[in-house]
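Working notes, structure below.
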Amino acid sequence: MPTVKIKDVAFGSGPTKILVSITPANGDELRTQVAKLPAQDIDVLEWRVDFLEDLSTLTEVGTLLRTSTNLPILGTFRSAAEGGQKAILPDDYGPLVIRLIQSGLVDAVDAELFRTEAWTERIIQEAARAQIPVIGSYHDFRSTPPEDEIVNRLRLLQVHGASIAKIAVTPSHPGDVVTVLNATYRASQELHVPLITIAMGALGTMSRITSAIFGSAGTWGQAGHTTAAGQIAVAELRPVVDAISAWSSAPDTWEKPTQVREAVLPES
């Protein structure tokens, strides 16, 4: 699997990486939320900018965040159309993502590349200039697209310039989760960027903990602030993810017995 680093955390190499979101409305909330984080269980901290009560404070709050944690920071403005807190037009969204990139306060950005329209190329260029990766994301809070469509969307995110391609969907039955896992494996064999795929909600729990097996490089947990249905507390998620990652890559030491004895049945 190809590898992309967010600060010093390599996606696509080693165990599945765990991301956790914080959702501060202001600097005071940021201090409180960061202080409660189990930092040892988190690989990347996602700053959900769409929760800010006043976007003019972005630089102030971002500076405070940068000095409050040593964790790699992913800057995300999730639009209302894809499950976020605020509605935003593409011509406002694009410049905001670029502002995050140019701030120097984040180690990666999330970009809804199917919504950025005329801004996509500049977002990718600015991120390259700043030497930070772009997680190109797509969220479907209504359904799970067919397997071919999931693979194609991941492919298009790569074509648009995403460093990491992410898709999260909503299953309505266990078969939808299987669809996501099949699509993940197919895309991981074809594409040249790391993937993050998630089936949301309680039905999708398995997709959050079996990432290493099917080709997804990361997953989201929660530490008091749930930003999508089905997120597992990071303190519970970490040991399960680590165990599955370790066992899925462990050598198979079982050997077929060289001698097979016939079973002796008792007389009736």
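If you're wondering where the values come from, they're calculated on a predicted model, not measured in any experiment. Positions are given from 1 along the sequence.
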Look only at the side chain of [X] and the backbone of [Y], and say whether a donor-acceptor pair between them is shorter than 3.5 Å.
X: Lys86; Y: Asp50; answer: yes
X: Thr144; Y: Thr170; answer: yes
X: Thr23; Y: Phe51; answer: no
X: Ser163; Y: Val134; answer: yes
X: Gln158; Y: His192; answer: yes
X: Lys17; Y: Pro15; answer: yes
X: Asp176; Y: Ser172; answer: yes

Arg238/Asp43 ion pair, N-O < 4.0 Å:
yes
Please list all pairs passing the side chain to side chain donor-acceptor pair (under 3.5 Å) test where one or both residues lie in residues 59-74, with sequence neighbours left out.
Arg66-Asp107
Enter the distance from [X]:[atom1] to [Y]:[atom2] here, rounded to the nearest 0.5 Å.
X: Leu74; Y: Leu19; atom1: CG; atom2: CG; answer: 6.5 Å
X: Glu82; Y: Phe114; atom1: CD; atom2: CZ; answer: 9.0 Å
X: Ile123; Y: Leu113; atom1: CD1; atom2: CG; answer: 6.5 Å
X: Leu237; Y: Thr219; atom1: CG; atom2: OG1; answer: 5.5 Å
X: Trp220; Y: Met200; atom1: CH2; atom2: CE; answer: 11.5 Å
X: Ile150; Y: Thr179; atom1: CD1; atom2: OG1; answer: 6.5 Å

With hydrophobic residues grouped by side-chain heavy-atom distances under 4.5 Å, do [X] and [Y] end up in a single group?
X: Ile213; Y: Ile232; answer: yes
X: Leu195; Y: Tyr138; answer: yes
X: Phe77; Y: Ile98; answer: yes
X: Leu58; Y: Trp119; answer: yes
X: Leu55; Y: Ile22; answer: yes

Between [X] and [Y], which heavy-atom pair has the shortest distance, and what is it?
X: Val169; Y: Pro145; value: CG1-CD, 3.6 Å
X: Ala111; Y: Val97; value: CB-CG1, 4.4 Å
X: Thr184; Y: Gly215; value: CG2-C, 3.8 Å
X: Ile88; Y: Ser79; value: CG2-CB, 4.0 Å
X: Leu157; Y: Ser137; value: CD2-N, 4.0 Å
X: Val234; Y: Ala223; value: CG1-CB, 4.2 Å

Would you say the side chain of [Y] lies within less than 4.5 Å of the side chain of [X], judging by non-hydrogen atoms?
X: Val193; Y: Phe11; answer: no
X: Ser207; Y: Leu181; answer: yes
X: Phe214; Y: Thr197; answer: no
X: Ile101; Y: Ile132; answer: yes
X: Ile244; Y: Val240; answer: yes

Tell me if the [atom1] atom of [X] is crowded by more than 12 foreign heavy atoms within 6.0 Å.
X: Lys5; atom1: NZ; value: no
X: Tyr185; atom1: OH; value: no
X: Glu236; atom1: CD; value: no
X: Gln125; atom1: CD; value: yes
X: Gln131; atom1: CD; value: no

Pair Ile124-Glu121, side-chain contact (heavy atoms from CB on, under 4.5 Å): steps then yes or no
CA-CA 5 Å; Ile124 300 303; Glu121 185 175 353; 6.0 Å; no
From the options Glu46, Arg48, Gln222, select the one residue that forms a side-chain hydrogen bond (donor to acceptor under 3.5 Å, both in side chains) with Ser21.
Glu46
Who are the salt bridge (charged side-chain N to carboxylate O under 4.0 Å, His left out) partners of Arg78, not counting sequence neighbours?
Asp110, Glu112
Partner set under salt bridge (charged side-chain N to carboxylate O under 4.0 Å, His left out) for Glu147, not counting sequence neighbours:
Arg186
I'd like to know whether Leu71 forms a side-chain contact (heavy atoms from CB on, under 4.5 Å) with Val20, so could you lay out the CA-CA distance, the side-chain angles of the two residues, the decisive distance to 0.1 Å, and finally the verdict.
CA-CA 11 Å; Leu71 288 169; Val20 167; over 6 Å; no
Please walk me through it: do Arg208 and Ile198 pass side-chain contact (heavy atoms from CB on, under 4.5 Å)?
CA-CA 6 Å; Arg208 294 183 181 273; Ile198 298 167; 3.6 Å; yes
List the steps and the verdict of side-chain contact (heavy atoms from CB on, under 4.5 Å) for Leu65 and Leu45.
CA-CA 10 Å; Leu65 176 58; Leu45 184 62; 4.0 Å; yes
